[in-house]
Structure formats: C-alpha cells, structure tokens
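Down below is the structure, laid out as structure tokens.
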Amino acid sequence: MRHGERSVLRPSGAWRRLARELSGFGLVGGTCFVLDLLLFQLLYAHAGVEAVAAKALSTVVTTAVAFTGHRLITYGGRPRSAPGRGFALFALTNGTTLLLGLSIIGFVRHGLNQQDALVLQVANVVSIAAGTAIRFVVYRRWVFPAAPPA
C-alpha cells in the first residue's frame, strides 16, 4: 500500500466514532432495557400497580440512569453544552418517547382489553424498541451534539 492510501478494510475515523457511540448506546440502552423490564414486571405483576402507571414509573427511573450513562459513556468525548440545555432536550425527548410507550401500553391494555402480563410485556418491548430508535437519532444530533468542525 502506498503512502497516503487508506486500507479498504480499516474504517475511517467517522466510522470508528459511530461504532463507539453505537456500542456505548447499546451498553447503556441494554442496561436500561433490562432495568425497565424488571421494574415494569415488579410493579405490574407483583406490586399490583396499574400497567400504564407501572410503565411511567419504570421509565422515569431508567431515564435518569440513561442520561448519566449516555453523558459519561456514549457521548463522554463530546463537548458539553450549557448545563440545562442538554438535560432539557434529553427530558423532552424522553417525555415524548414516554408518551409513545404509554400510548402503546394503554392501547394494548385498554383498547385491546389485554390483562396478561406477558402480552403487556411484549407491548412494553415494542414501545422500548420504537423509543430507542427515536432517541438514538435525537441524542446524537441535538442532545449530545458533536463539536462543530474547526
């Protein structure tokens, strides 16, 4: 290989950063996913909390864990924005995806009249997957933005 040529097999810096962010997002998200499932199951199936309220509570807890994890792990190398700005956008994004998740759980529980914990847990997983896709795009672009090019 001649000097200045890039290996086809070696990813560029942008691809490496994206891979690192995706792996951090997956680690934090996976942790919060398991925590959400456990809290939802504990609250709904064992503590007798209504399904939509159980989802709201599990999401509030995992949102706090996720912000900390993403700030430190996923996007830790990015510059920090004004203290309240990042968290406000994070909260707005999570509030929006929470409403999406509550809508899905509420539709399955009340619209389809499903009470089975397994059916509601499947709806919970669908709501988490939809919210995750939205959050990755929004976090990367607006909540934890990359430094502008020099």
Side-chain angles (χ1 to χ4, degrees), residues 10-149:
R10 188 173 15 179
S12 68
W15 282 107
R16 283 193 304 270
R17 277 189 306 278
L18 179 61
R20 186 178 40 96
E21 287 174 3
L22 281 169
S23 64
F25 191 84
L27 174 67
V28 172
T31 300
C32 289
F33 174 76
V34 170
L35 181 59
D36 188 285
L37 293 179
L38 291 172
L39 286 173
F40 180 81
Q41 189 70 19
L42 177 68
L43 292 168
Y44 178 72
H46 300 289
V49 176
E50 202 277 323
V52 175
K55 177 61 181 170
L57 290 170
S58 69
T59 300
V60 166
V61 170
T62 56
T63 296
V65 172
F67 182 80
T68 303
H70 289 308
R71 177 71 271 168
L72 297 174
I73 297 169
T74 309
Y75 303 106
R78 289 184 173 200
R80 295 179 188 244
S81 58
R85 180 189 175 277
F87 188 77
L89 288 170
F90 189 87
L92 179 63
T93 302
N94 281 281
T96 302
T97 56
L98 170 60
L99 291 176
L100 173 65
L102 293 176
S103 298
I104 292 169
I105 298 289
F107 174 73
V108 171
R109 171 61 188 94
H110 301 291
L112 299 178
N113 201 29
Q114 295 293 318
Q115 296 181 37
D116 185 69
L118 180 60
V119 172
L120 287 165
Q121 193 65 279
V122 170
N124 189 30
V125 170
V126 169
S127 75
I128 292 168
T132 297
I134 294 166
R135 284 189 299 272
F136 180 74
V137 171
V138 172
Y139 291 174
R140 190 166 197 272
R141 183 168 217 152
W142 293 294
V143 177
F144 304 108

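The figures that follow rest on heavy atoms only: side chains count, while hydrogens, waters and symmetry mates do not.
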| message | For Phe25 and His70, take the angle between the two ring planes, folded into 0 to 90°, and tell me which bin it lands in: parallel under 30, tilted 30 to 60, perpendicular over 60. | response | parallel
| said: Ignoring hydrogens, what is the shortest heavy-atom contact between Val65 and Cys32? Give both atom names and the distance. | reply: CG1-SG, 3.8 Å
| So do the side chains of Leu39 and Leu57 get within less than 4.5 Å of each other, counting heavy atoms only? | no
| request: Check whether any side-chain heavy atom of Arg140 lies under 4.5 Å from a side-chain heavy atom of Leu22, and answer yes or no. | output: no
| Between Arg71 (side chain) and Tyr75 (backbone), is there a donor-acceptor pair under 3.5 Å? | yes
| task | Please name the residue in the list Thr93, Thr97, Thr63, Thr96 that meets the side-chain hydrogen bond (donor to acceptor under 3.5 Å, both in side chains) test with Arg135. | result | Thr97
| field | Residue pair Val108 / Leu120: nearest heavy atoms and the distance that separates them | value | CG1-CD2, 4.0 Å
| note | The reported gap from CG in Asp36 to CD in Gln121 (rounded to nearest 0.5 angstrom) is 8.0 Å
| request: With the side chain counted from C-beta on, respond yes when Thr74 and Phe144 share a heavy-atom pair under 4.5 Å apart, and no when they do not. | output: no
| message | Please report the interatomic distance CG(Leu72) to CZ(Phe67), rounded to the nearest 0.5 Å. | response | 9.0 Å
| query | Which atoms form the tightest heavy-atom contact between Tyr44 and Gln115, and what is the distance? | reply | OH-O, 2.8 Å
| Is there a side-chain contact between Asn94 and Thr59, using heavy atoms and a 4.5 Å cut-off? | no
| Distance (rounded to the nearest 0.5 Å) between Leu118 CG and Gln41 CD | 8.5 Å
| Which atoms form the tightest heavy-atom contact between Ser58 and Leu43, and what is the distance? | N-CD1, 4.3 Å
| note | Rounding to 0.5 Å, atoms CD1 (Ile134) and OH (Tyr139) come to a distance of 10.5 Å
| note | Residues at least two apart in sequence or cross-chain that pass ring pair (Phe, Tyr, Trp, His ring centres under 6.0 Å) with Phe33, listed by chain then number, are none
| Closest contact, heavy atoms only, Ser127 versus Gly101 | CB-CA, 3.5 Å
| query | How long is the gap from CD1 on Ile128 to NZ on Lys55, to the nearest 0.5 Å? | reply | 4.0 Å
| query | Measuring from Leu99:CG to Ile104:CD1, what's the distance to the nearest 0.5 Å? | reply | 11.5 Å
| Is any side-chain heavy atom of Arg78 less than 4.5 Å from a side-chain heavy atom of Glu21? | yes
